[in-house]
Structures are given as C-alpha cells and as structure tokens.
Amino acid sequence: MTQGACPSCGASVEFSVGSAQVVVCAYCQTMVARVGAELEAHGRVARIVETDSPLRLGLEGRVNGTAYQIVGHLQKDHGAGPWDEWYVEMSDGRTGWLSESEGAFHLLSDAGVEEGLQLDRLHPGDRLRLRNRPLVVEERGHGRVVAAEGQLPSDVDPEADSYYVDATGPRGLFVTLDFGTRDRDPEVFLGQKLELTQLGIPAGDLRPRVRKAQLQQARCTNCNGPLELRAPDQTLRVACPYCGALMSAAQGKLSFLKLLQKPELPAPSRWGRRARSTARSGSASATRSARAWWRARAIRGWSTCSITRRAASLG
C-alpha cells in the first residue's frame, strides 16, 4: 500500500491495489501517478456523472469461485451517452474490467497482447480464430474516457479515442480486443456475459436502480393541449406550442413555470374529448400553424423542443 499527498491540492491519496498505477484524487480530480517512490500529477479528468448503474467503488463479488473487488471506474462515450466500466482486482492476482451495456454485464480478465490482428480487417459478422477458440465479431466501435474515479492501471487521456472489437464464442465466451488509438496490437480480455444476479454481489450492497420517468405523453397544465416528450427521462423543461406555457418536467411530472410570448393564433381554452376529435379530423392546420410559429421563434432564439439535461449542461 502506498500513501501520500496529491501533488495538486495536498489531499491524502492511497494506492491499495498492487496493479494500480494511477489514482484519481477524490477532491480535485487530478490523476496522481506513482513513478518509483514519487507521486506525480498527470492532468485532471472530469468527475463521474450519475447513471442508473447499481455498482459502486469498493463492492466485492464472486464469480465461478473467484472473488473480486471493484477498485476503479471509467465512464466512456462515443457520442450517444456514457457507459460505465469498472476496474477489478481478483483474488487470484488477475485484473480485469466489469463493463455494463444495455442492462447486461461482462466480466473480463486481462489475457495479454495478441499480435497480427488488424482493426480494419475485423467487421461485425466476421469469423476468426483466437488462441484455438472460434469467434464471431459482434461489434466494432470506439469511445473516449470522459470521467474517472478510484484506482486505475494506467493514465487516462480524455482527448484520445480508443478502438475496440467485441466478439463471442462457444459456451458464453465473450472477448474484447482493445486496439487503443489504433497504433498497436490489441490487448485481449476474456470473460463471459452475466446478469446482475450472477455477479455474486450481495443485493443489499448494490445501489438502488434509478427509476426512469415514464411520462411520454402529457397535456399542458395551462391550456390542456397535447404534448409529447421524446426523452422523458432526460427532459428538464418543455414549452407548449399552443399557449406558450413553459413547464418543468422534473421527476416525470409537469408543473407550470411561466408564460412565454403567446403564439399569434387562436388557441382553444380547453382540450376536451370533442376538441381532440376535431383536431384529429379537421384542424391539423392549427397544429401546423403552431409548429410554424415555434419554428419562426426558434430562428430568433427560442427552442421548440424539450430542454434535456445535456443541453442544459452546455448552457
């Protein structure tokens, strides 16, 4: 175990894992690397954002009789939202990664470098043989690290795109080939796909799943006009195209905030069953007019769509 002070802020940092070469300072997000007996600052990385992952640093589990502990955490992104990867140290001395994807988990251990494989020659559906194992390529992609915490096996470069190939084999085998920035032979990670209950982590230790908002269709709280939320779990605010009301969509519930400039068209005061039927059969032009008004406002700086957390964070 190595203990010391963060070179940037002076806070205490600790290396409790023998394989870890970098620890992210919990106070200032500096990546602290141990170089011999010294600790060096190797830049900073963004703080982890909250996701619905049930995992967290420090959790211990057991798979196929081998115990492991989560000691590091990366969040990666390829432009469509972040996913989580967890660095693990196993009781038999191996290290690896526990990754999450679409509700499934993949526990993979480091199996060294494989020479002779080229990223450009591997495509989804291709068949290959790796270490006497027949494999089928499932995915080829890339992503960059956008946030980190805990202890990690190497430095993190938030500016670098990392390329990978995922493949599957017999009896549930799952393989990831990590090509890094495409300029080296891939590191091989071997493992299997698992369900949450198969990770061997006591249920009481898991973080509770965040319940996503179910609100997808709703009505304006001011004029009762029909609204549609395209990303209900990310929407912060939505503007009514009929009366100009701005509403909060926090926690899946709409609440009136304020009235924006009212559209220059007649808007019904109540949207009852008859009015809805009329709108469906013969008043589509009013809806188109409303949308046209909002598009015009958008050109002059208004937004016609719901404001998501990602958009809000940019502002």
Side-chain angles (χ1 to χ4, degrees), residues 1-61 67-79 81-91 95-100 105 107 110 143-162 178 180-181 199 201-202 204-210 233-234 236 250-251 308-315:
M1 180 182 294
T2 301
Q3 292 180 314
C6 171
S8 293
C9 71
S12 176
V13 294
E14 177 181 287
F15 289 85
S16 61
V17 178
S19 62
Q21 298 301 311
V22 173
V23 63
V24 179
C25 176
Y27 294 91
C28 69
Q29 291 297 116
T30 293
M31 292 179 288
V32 181
R34 51 181 174 185
V35 181
E38 303 296 324
L39 297 181
E40 297 181 355
H42 285 191
R44 293 187 178 183
V45 66
R47 197 173 298 277
I48 293 289
V49 300
E50 196 75 13
T51 67
D52 65 348
S53 172
L55 305 180
R56 58 179 173 80
L57 289 181
L59 283 182
E60 298 179 351
Y68 65 90
Q69 183 181 29
I70 296 176
V71 297
H73 183 192
L74 295 179
Q75 281 184 337
K76 295 184 176 181
D77 198 340
H78 51 36
W83 74 88
D84 296 285
E85 295 189 358
W86 306 84
Y87 183 55
V88 300
E89 186 171 67
M90 304 179 188
S91 59
T95 60
W97 292 91
L98 178 58
S99 64
E100 299 181 55
F105 299 84
L107 182 59
D110 190 345
R144 63 185 181 88
V145 174
V146 295
E149 65 177 346
Q151 302 174 70
L152 301 168
S154 60
D155 273 341
V156 171
D157 183 358
E159 302 300 322
D161 236 354
S162 180
D178 183 356
T181 56
L199 296 179
I201 301 173
D205 293 344
L206 296 170
R207 293 175 58 229
R209 288 280 196 178
V210 177
D233 58 319
Q234 299 180 18
L236 291 177
Q251 300 178 342
T308 64
R309 290 186 177 87
R310 181 178 299 176
S313 66
L314 298 176

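All residue numbers refer to positions in the sequence shown, counting from 1. Please read all numbers here as calculations on a predicted model, not as lab measurements.
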> What pairs with Asp205 under side chain to side chain contact (heavy atoms under 4.5 Å, CB included), at least two apart in sequence or on another chain?
Replying inline: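 Result, side chain to side chain contact (heavy atoms under 4.5 Å, CB included) vs Asp205: Arg56, Leu59, Ile201, Pro202.
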Mind checking the [atom1]-[atom2] spacing from [X] to [Y]? Nearest 0.5 Å is all I need.
X: Gln69; Y: Leu57; atom1: CD; atom2: CG; value: 9.0 Å
X: Trp83; Y: Leu74; atom1: CH2; atom2: CG; value: 10.5 Å
X: Ser99; Y: Tyr87; atom1: OG; atom2: OH; value: 15.0 Å
X: Gln3; Y: Ser16; atom1: CD; atom2: OG; value: 9.5 Å
X: Phe105; Y: Asp84; atom1: CZ; atom2: CG; value: 9.0 Å
X: Gln75; Y: Arg144; atom1: CD; atom2: CZ; value: 12.0 Å

>> Determine whether a donor-acceptor pair (N or O, by modelled atom type, separation under 3.5 Å) exists between the side chain of Glu89 and the backbone of Val71.
In response: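 Between the backbone of Val71 and the side chain of Glu89 there is no qualifying donor-acceptor contact (under 3.5 Å).
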pair [X]-[Y]: side-chain heavy atoms closer than 4.5 Å:
X: Ser8; Y: Arg44; answer: yes
X: Val156; Y: Met31; answer: yes
X: Val145; Y: Pro158; answer: no

>> List the residues meeting ring-ring contact (aromatic ring centres under 6.0 Å, His included) with Tyr68, not counting sequence neighbours, and say none if there are none.
In response: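 Counting only residues at least two positions away or on another chain, Tyr68 forms no ring-ring contact (aromatic ring centres under 6.0 Å, His included).
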>> Which residues pass the ring-ring contact (aromatic ring centres under 6.0 Å, His included) test with His73, not counting sequence neighbours?
In response: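 If we apply the ring-ring contact (aromatic ring centres under 6.0 Å, His included) test to His73, skipping adjacent residues, the hits are Trp86.
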>> Side chains of Thr2 and Glu14 only: does a donor on one sit below 3.5 Å from an acceptor on the other?
In response: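 The answer is no; no qualifying pair exists.
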> Cut-off 3.5 Å, side chains only: do Asp161 and Thr181 have a donor facing an acceptor?
Replying inline: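 No, Thr181 and Asp161 have no side-chain donor paired with an acceptor closer than 3.5 Å.
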>> Quick test of your reading of the model: are Glu85 and Lys76 salt-bridged, counting only N-O distances below 4.0 Å?
In response: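 Judged by the 4.0 Å cut-off on N to carboxylate O distance, Glu85 and Lys76 do form a salt bridge.
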